[in-house]
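Report on the following structure.
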Amino acid sequence: MTARTARPPLLRESLLVAGLFLAYKLGRTLVADHTAEAFRNARHLWHLERAARLPGEGGVQALLLHGDGLVQLANTYYATVHFPVTAAFLVWLYLRRPTHYVWARRVLATVTAAALVVHLAFPLAPPRMLSLTGLVDTARVFGPSVYGPPESDRLSNQFAAMPSLHFGWAVMVAVGLIVATRTRWRWLWLLHPVLTLLVIVGTANHYWLDALVAAVLLGIALLVVHAPHRAAHTGPRAGGTLARAEAGGLVGAVR
């Protein structure tokens, strides 16, 4: 079987990914009106983190608030990186590593479905809305912001803080690229989830436990959905020989 025949049909994949995204967006709105429960859960979670002696989210935010430019950069990262990077990751895998694409798509669908269940069962207001945290809503104060007032925002559910799919998807992007590529520089992709974690906490959009729960769900998904076998490294070759080696690796992964 060749890499070309292993690649799923583009139309089917486009409809599938779009359908999963729409189902997730619609599902999140089911808990958008659970305001009282979301704030009650937020207070309990905040006290749980303090009882567990987790580091305060305010320490990360204090670093961002040293300058308007830094905090605006963090807000921009939060608003613009999440979906485009994940989409680019899937597109690249689809074009260059079809078998890894199928694996990554299944993992992302699994972790996103599990996250939706948690959102439905445990609505949670983010720390930027909880006054006892003492944290600043950096997007509202410094901009840019992707959210409107919670009472009038019908495009997103702001009470779905746990788990953080910003973090969960970022970790999957890093894991997927580390597994699917051979370059020694591939480990640098771990900077993406690290930066994402600092951004989501520093901008007061998520608690530490939101990221922890996302990581646990992703870990379970990775255990359930097995990755393709990595092809043996064939060493650097020039021109068309390298392309044939890459294709041979994909054939091995398909088998």
Side-chain angles (χ1 to χ4, degrees), residues 17 20-21 24 54-55 57 59-61 63-64 66 69-115 118 126-128 138-139 142 144-147 156 160-223 225 227-228 230:
V17 172
L20 289 172
F21 174 75
Y24 170 70
L54 293 179
E57 286 86 348
V60 180
Q61 185 169 90
L63 297 175
L64 296 182
H66 277 303
L70 184 59
V71 71
Q72 288 171 352
L73 181 62
N75 291 334
T76 301
Y77 189 99
Y78 180 85
T80 63
V81 170
H82 177 48
F83 282 109
V85 167
T86 307
F89 163 68
L90 289 174
V91 169
W92 186 85
L93 286 181
Y94 180 83
L95 295 174
R96 301 295 301 274
R97 302 288 191 275
T99 54
H100 287 85
Y101 162 79
V102 173
W103 162 68
R105 188 249 291 149
R106 289 174 178 169
V107 171
L108 285 172
T110 301
V111 75
T112 302
V118 178
R128 59 185 167 82
T138 60
F142 299 96
S145 176
V146 294
Y147 300 121
S156 60
M162 178 180 285
S164 168
L165 284 178
H166 270 74
F167 182 68
W169 287 10
V171 174
M172 183 56 205
V173 168
V175 169
L177 289 172
I178 289 170
V179 170
T181 59
R182 301 185 183 91
T183 173
R184 61 182 178 180
W185 300 105
R186 67 187 185 277
W187 298 101
L188 291 176
W189 284 108
L190 291 173
L191 291 174
H192 177 43
V194 170
L195 286 174
T196 299
L197 179 60
L198 295 176
V199 164
I200 64 175
V201 171
T203 58
N205 281 291
H206 287 283
Y207 307 89
W208 293 115
L209 286 178
D210 297 341
L212 178 60
V213 171
V216 170
L217 293 179
L218 178 62
I220 294 172
L222 289 170
L223 288 175
V225 185
R230 179 187 292 276

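All residue numbers in this chain count up from 1 along the given sequence.
Taking the side chain to side chain donor-acceptor pair (under 3.5 Å) definition, one finds that Tyr94 meets it with nothing, sequence neighbours left out. By the side chain to side chain donor-acceptor pair (under 3.5 Å) test, Tyr207 pairs with no residue at all, sequence neighbours left out. The side chain to side chain donor-acceptor pair (under 3.5 Å) check on Asp210 picks up His206, with sequence neighbours excluded. Among residues two or more places apart in sequence or in another chain, the ring pair (Phe, Tyr, Trp, His ring centres under 6.0 Å) test is passed with His82 by His166, Trp169.
Residues Leu108 and Thr86 meet the side-chain proximity criterion, which asks for heavy atoms closer than 4.5 Å. Counting only heavy atoms from C-beta outward, the side chains of Leu95 and Tyr101 never approach each other to under 4.5 Å. For the pair Thr76/Pro144, a side-chain contact is recorded, criterion being any heavy-atom separation below 4.5 Å from C-beta on. Using a 4.5 Å heavy-atom threshold, the side chains of Val179 and His100 count as touching. At least one side-chain heavy atom of Leu222 sits under 4.5 Å from a side-chain heavy atom of Trp103.
Applying the side chain to side chain contact (heavy atoms under 4.5 Å, CB included) test between Met172 and each of Thr112, Leu218, Leu177, Leu165 identifies Leu218 as the sole match.
Between the side chain of Arg128 and the backbone N or O of Asn205 there is no donor-acceptor pair closer than 3.5 Å. No donor-acceptor distance shorter than 3.5 angstrom exists from the side chain of Thr181 to the backbone of Thr183, with no hydrogens or angles considered.
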Would you sort out whether Leu64 and Thr138 count as a side-chain contact (heavy atoms from CB on, under 4.5 Å), showing the intermediate values?
CA-CA 9 Å; Leu64 296 182; Thr138 60; 5.7 Å; no
Would you sort out whether Val118 and Met162 count as a side-chain contact (heavy atoms from CB on, under 4.5 Å), showing the intermediate values?
CA-CA 7 Å; Val118 178; Met162 178 180 285; 4.2 Å; yes
Evaluate the side-chain contact (heavy atoms from CB on, under 4.5 Å) criterion for residues Trp208 and Val213: first the C-alpha distance (whole Å), next the side-chain angles of each, then the deciding distance (0.1 Å), finally the verdict.
CA-CA 9 Å; Trp208 293 115; Val213 171; over 6 Å; no
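The shortest heavy-atom contact between Ala204 and Pro126 is O-CB, 4.1 Å. When every heavy atom of Phe167 is checked against every heavy atom of Ala214, the shortest pair comes out as CD2-CB, 4.4 Å. Closest non-hydrogen pair, Leu93 versus Ala104, comes out as CD1-CB, 3.6 Å.
Here the CG-OH distance, from Leu73 to Tyr78, works out to 15.5 Å after rounding to the nearest 0.5 Å. Leu54 contributes atom CG, which lies 5.5 Å from atom CG of Leu209 (distance to the nearest 0.5 angstrom).
Legend: salt bridge (charged side-chain N to carboxylate O under 4.0 Å, His left out) pairs involving residues 187-206, not counting sequence neighbours: none detected.
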Donor-acceptor contacts under 3.5 Å from residues 187-200 side chains, at least two apart:
| unit_1 | atom_1 | unit_2 | atom_2 | d |
| --- | --- | --- | --- | --- |
| His192 | ND1 | Tyr77 | OH | 2.9 |
| Thr196 | OG1 | Tyr77 | OH | 3.4 |
| Thr196 | OG1 | His192 | O | 2.8 |

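In this structure, a donor-acceptor pair under 3.5 Å is absent between the side chains of Thr203 and Asn75.
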